[in-house]
Every structure is written in structure tokens, then in C-alpha cells.
Amino acid sequence: MDSSLNSGDLDRFLSQEKEKAMVNEMVTKLTSVCWDKCITSTPGSKFSWSESACLSNCAQRYLDVTLVIMKRFQSMQ
Amino acid sequence: MDSFSSGSTGAGSPQISTDELMDQMKVQFAQAYAQEFLETVRGKCFDKCITKPGSSLSGSESSCISRCVDRYIEATGIVGKALFSASR
């Protein structure tokens, strides 16, 4: 019978959930930003090719921008 | 399994197992994520579909909202895929 909490299991569980939360935050923020940038007209019954490409490109360029900014900060130190 | 063997001695406050605690937390996290997603989609689709609020939702506004929800879910998938298949 488990009458006290297993802190090893809990620690593992919480650090997994924390990572999931960080991933979720990244995806939700990026989807919001890229939706605003790419979906300019009234939503249709499917995305046009250019809308899909824009969304995908937007996410990848966002990562590129993050790298550029980090390198810039580093070069200032 | 645990619920049949715990608490029978009345020794104090009811004990919760680690598994039960983790299950409850998973449910709460899932609910929080779902709630956040609902609020985001609502904001985006209201902006896109309800340009001039009338005295009721028109048929075209309703179908715009439906499409918008589908598209936003699709957009989430596209962005997620782009983030995690990008080889860095």
C-alpha cells in the first residue's frame, strides 16, 4: 500500500509536465503570431497552398530570428 | 486497488496515492490547456468573422466561426510540425 507520496515518481512526472508545458507555450504563442501574419482573409474550408507554406515558414523563421538575436547579444559582451 | 486498503484505521487525514495524485494533476493540466485553447480560438475567430456585430449571429457568421476553428486547429498542427521537424 502506498501510504506516502513517492517523491521520485512525482519529481519525474513534474519535470515531464513542465517540459510539456514549455512546448505547449511555444506552439500556442507561435501559432497565434503566425496566424496573424499569414491568415489575412476570412477563413475558408481549407488553407490555400500559400497560407500553409506561410504558416510553416513563419515558425521556422521565428526560430532563425531567435538564433540571430542570441548571437547578436553574445557579440555585444 | 488502493481505495480498498486505505483509511480503514481512521488514523488521520485520508491518504492519496502517488498515482492518484498524478492522475488528478493530469486531468487538471488537460483542462487548463483546453481552456486556454478555447480562449485563444475564440479571440482569433471573433476578430476574423464578426466584423460588425448585429442583433444575432448570422448564418454566414456561424459557418465562418466553424471554419475558423477547424483552420486554427490545422494551423496549430502545421506550426507544431514545423517546429519539431526542423533539423537544427
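Predicted model only: the values in this text are computed from it and were never measured.
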Next on the checklist: For residues B/V27 and A/F13: do they belong to one hydrophobic cluster (side chain heavy atoms under 4.5 Å, members Ile, Leu, Val, Met, Phe, Trp, Tyr)?
Outcome noted: no
Checklist entry - Any chain of hydrophobic side-chain contacts (each under 4.5 Å) joining B/V41 to A/V33? => result no
Next on the checklist: Apply side chain to side chain contact (heavy atoms under 4.5 Å, CB included) to residues A/K20 and B/F29 and explain how you reach the verdict.
Outcome noted: CA-CA 10 Å; A/K20 283 189 206 170; B/F29 289 146; over 6 Å; no
Checklist entry - So, do A/Q60 and B/L83 sit near enough that their side-chain heavy atoms are less than 4.5 Å apart? => result no
Item to check | Donor-acceptor pair, side chain of A/S56 and main chain of B/A82, under 3.5 angstrom | outcome: no
Item to check | Leading residue by heavy atom contact count with chain A [cutoff under 4.5 Å; candidates B/Y33, B/Y72, B/F37] | outcome: B/Y72
Next on the checklist: Is A/D9 in contact with chain B via its backbone, its side chain, both, or neither, using a 4.5 Å heavy-atom distance?
Outcome noted: both
Item to check | Heavy atoms of other groups near A/E17 CD, more than 12 under 6.0 Å | outcome: yes
Checklist entry - When rounded to the nearest 0.5 angstrom, what distance separates SG in B/C68 from CH2 in A/W35? => result 4.0 Å
Next on the checklist: Applying a strict under-4.5 Å side-chain criterion to I, L, V, M, F, W and Y, I'd like to know whether B/I50 and B/L38 cluster together.
Outcome noted: no
Next on the checklist: Which atoms of A/N57 are under 4.5 Å from chain B, going by heavy atoms: the side chain, the backbone, both sets, or neither?
Outcome noted: neither
Checklist entry - Is chain B contacted by the side chain of A/S41, its backbone, both, or neither, given a heavy-atom distance below 4.5 Å? => result backbone
Checklist entry - B/D70 versus A/K46: any side-chain heavy-atom pair under 4.5 Å? => result no
Next on the checklist: Looking at chain B, which one of A/T28, A/D36, A/L14 has the largest number of heavy-atom pairs inside 4.5 Å, strictly under?
Outcome noted: A/D36
Checklist entry - For A/I39, is it the side chain, the backbone, both or neither that has a heavy atom under 4.5 Å from a heavy atom of chain B? => result both
Item to check | Heavy-atom donor-acceptor pair, B/R67 side chain to A/P43 backbone, under 3.5 Å | outcome: yes
Item to check | Min side-chain heavy-atom separation A/F47-B/I78 under 4.5 Å | outcome: yes
Checklist entry - Under a 4.5 Å heavy-atom cutoff, which of A/A59, A/C58, A/G44 has the most pairs with chain B? => result A/G44
Checklist entry - Can you tell if the side chain of B/F84 reaches within under 4.5 Å of the side chain of A/V27, non-hydrogen atoms only? => result yes
Checklist entry - Strictly by modelled atom types, are A/T42 and B/K48 linked by a side-chain donor-acceptor pair under 3.5 Å? => result no
Item to check | Residue pair A/L55 / B/V79: nearest heavy atoms and the distance that separates them | outcome: O-CG2, 4.2 Å
Item to check | Over 12 foreign heavy atoms within 6.0 Å of CD, A/E19 | outcome: no
Checklist outcome for this item: CD (B/E36) and CD (A/E25) are apart, to the nearest 0.5 Å, by 8.0 Å
